[in-house]
Amino acid sequence: MHANAPTPGSYLDQLNDVQRQAVTTTDGPVLVVAGPGSGKTRVLTFRIAYLIEQGTAPWEILSLTFTNKAAREMKERIENVVGQRASRIWAGTFHSLFARILRVEANHIGYPSNFTIYDTDDSKSLINSIIRELNLDKQVYNTNSIRSRISSAKSNLVTPKLYEKNEELMSQDRMARMPMMHKIYSAYVARSKKAGAMDFDDLLFRLFELFQNHPAVVEKYRNKFKYVLVDEFQDTNTLQYAIIKKLVQYPDSPRNICVVGDDAQSIYAFRGATIQNILDFEQDFKKFNIQTFKLEQNYRSTSNIVEAANAVIGHNRRQIQKKIWSDKGDGQKIQIIRASDDNEEGRRVADTILEQKNRYHLANNEFAILYRTNSQSRIFEEYLRRFNIAYRIFGGQSFYQRKEVKDLIAYLRLVVNPADEEALKRVINYPKRGIGNTSYNKVISLARQQDITAMEALKHVALPKRTRNSADGFIELIETSRKRMESANAYELADYIAKKSTLLDTLRNDNSMEGAAKLENLNALLDGISSFVEEDTVIDTETLPDKSLATYLQNIALLTDADTKDEDKPAEAVTLMSVHAAKGLEFRSVFVVGLEEKLFPSFMSMDTMDGLDEERRLFYVAITRAEEFLTLTYANSRYRFGKVTSNDPSRFLAEVPGDAVENTGANMTSRSARHEFDPVAAQRSRVSGIAPRQRNRSARDMPTRVDPSTFSPSPIEDVQPGATVLHLKFGEGKVLALDGGADNRIATIHFKELSQPQKRIMLRFAKLQVL
DNA sequence: AGAGCGCGCCTTTTT
DNA sequence: GGCGCGCTCT
């Protein structure tokens, strides 16, 4: 890495004029409006690299993104320019970086530093208990709408107190026949705080409160972060912008802030994001000589695709003026496929992939199938499998959402934070230990009555003798584990709990197919915890790597499926994902499928202009993922919600200019027959094999590179730069460098058999044999 | 206390 | 089409 680092500044030659200005204008407020494929990421990474070269310390840079994946990729790219120093940049998601600050500052706001993060299910479950306890009709008080109402209140800086005073909100609730909504909100806030838990919105909102109420704390971070960068600014909500403003000390004297975004790609309004932030940003920082740069040249797609995208987005009502253009030539026309039903749509897409592979020599990983809803993936999977085309699905239920995984995690959560009531509720009687609903209700009512945590109440509540015994056994398990936490690492503890709770045995005794799969998932989770301990997987390592259970939980709580590491993915596979998940990505050939009214645009957003505009932006994002080949498909009828439905072709199809579209009249019918049995294509796709269905393969599934019986780990001191070493999972590698203190020595090792060969490994935990 | 069954619910996108 | 929930029975 260091050896072939370019000479200082030389990378600037790789930029066009506007890009270069956006990189080198480091001081004061900067707005970069960046169209799709315009080199946005390149500008961001070079800008950070440039800052570091100009003498800014990496830890003085705060770079906020929306996904861990984006953050990780950015760090890697910066590392290519400035080397290892890049690892000390504060780059990550809003949620993860803020959680990290909150962990340090928790005491100021009455939270324990190892607070729990409630996921959406936990929130819903808590809301349900509140509804029940307030004796409200759950038909009227719908959990989902209450959750989203609470979420949007928080995102708009509305506390329960303000909520109650807000006539508009209160009257909306009365109209919806939910006059007690504000009670639920305030109970929800009180209860999650009591449980030492924060939901996703709290990670932002509590930080805002912290900054608001503790000037010394905010001052500390203002001084720390000399440069603040925000990616995908169009996806920030009011609360996020408010925090950013606090951080850059607006309105007195702003720090150096650079935001990058594209109003046309704003697709998260449904969770509170507002394009208004971009417009406001220009206004808010006008008096500080904000500089605006527009990146308008698209380096990704052919003119046909860019022009189609421009025409489509032109149907939206308001947007920041810009003209996206490409000099890559017209390229292929856009193909539109009409299928009679969803099955045919699946077949035709698989078929066209084969055809393009043959004719244009595209590899599997140069294709993407993008859909509006995750549930559409099934048919495409089916046909890709049938055609022997390797594929890979992103999104849908993430590994960490599975029941068996959540069960073990709930135990771990409870050990780290015994106040965590949702975790307790989940595992108090799983595996069955005779503490059923009746007993649990007693526990809860005592907890409410005495204002203590449920765990405390469990210790004291009056129970029948047998139940008492069970309860004591359960408490004992949690407390013993808690004591072990001081000496044991996350893996040892998780392993202990999985066994002692009889979670593992329960699944072993379940002989059904599902039982076996669950057991495998649980083992995969344990594997994951073990690699967390062994490797330096902590994304942010300003402090020493922390291998505690609390840190592990914090990390995975904010992980989504798109973030799971893909070191063992099939090398060449067609990508299947939702359009949302595809943002920021590009593929030579893209299929946007299910282009029907009520599906895309979704029936949920069709009745408002704002909703429709957002769907159109989503469509814009979808088509701008394509570099050369773009295929749009729709079906006359499809199976949905258990019955056959038929819808008109999406209005968006009509917005694609006719001269960009291939004249398809004749080939609507069965072109499939011609290619279905093409032996060459079949042969080629067979090579890449059948894709594994699950995304998160456990380390157990990885090819065994080393025979465990002959493996004997060497003492830490023997691991020196230049040495060739053997790792049980990663195989043979060469030690490139060592760093870290005596107790926390970290080796950077190049494992030649891995797709991402370079790994940083903590010697304290890793087992390495020097050869 | 727990297992089994059937009803009725909801079906967008995600940190 | 899938799931959770609550009801009933044991």
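All values reported here derive from a predicted model rather than from experimental measurement.
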Which pairs, protein N/O on one side and nucleotides 2-9 of chain B N/O on the other, fall under 3.5 Å?
from, atom 1, to, atom 2, distance (Å)
B:dG2, OP1, A:Gly434, N, 3.2
B:dG2, OP2, A:Asn429, ND2, 2.9

> Does a side-chain N-to-carboxylate-O contact under 4.0 Å join A:Arg271 and A:Asp201?
Replying inline: no
> Taking CG from A:Asn68 and P from B:dT14, how many angstroms apart are they, rounded to a whole number?
Replying inline: 15 Å
>> Using whole Å, what does the distance between atom C1' of nucleotide B:dT14 and atom CZ of A:Phe66 come to?
In response: 11 Å
>> Suppose we screen for ring pair (Phe, Tyr, Trp, His ring centres under 6.0 Å). Which residues come up paired with A:Phe270, at least two apart in sequence or across chains?
In response: A:Tyr268, A:His580
>> Can you list everything that forms a ring pair (Phe, Tyr, Trp, His ring centres under 6.0 Å) with A:Tyr241? Sequence neighbours excluded, please.
In response: A:Phe233
>> Within the 4.0 Å limit for protein heavy atoms, which parts of nucleotides 1-10 of chain C are touched? Write it as a string from 5' to 3', B for base, S for sugar-phosphate only, - for none.
In response: B---SS----
> Of the residues in residues 260-278 of chain A, which ones touch DNA chain B at a heavy-atom distance under 4.0 Å?
Replying inline: A:Tyr268, A:Phe270, A:Arg271
> Does a side-chain heavy-atom distance below 4.5 Å link A:Phe98 with A:Leu64?
Replying inline: yes
>> Students often get this wrong, so: under 4.0 angstrom with heavy atoms, is A:Asp201 touching a base, only sugar-phosphate, or nothing?
In response: nothing
>> Under 4.0 Å, counting only non-hydrogen atoms across every strand here, what does A:Ser439 touch: a base, just sugar-phosphate, or nothing?
In response: sugar-phosphate
Could you pull out all donor-acceptor pairs under 3.5 Å where a side-chain atom in residues 600-607 of chain A meets a protein atom, sequence neighbours excluded?
from, atom 1, to, atom 2, distance (Å)
A:Ser602, OG, A:Met604, N, 3.0
A:Ser605, OG, A:Glu615, OE2, 2.9

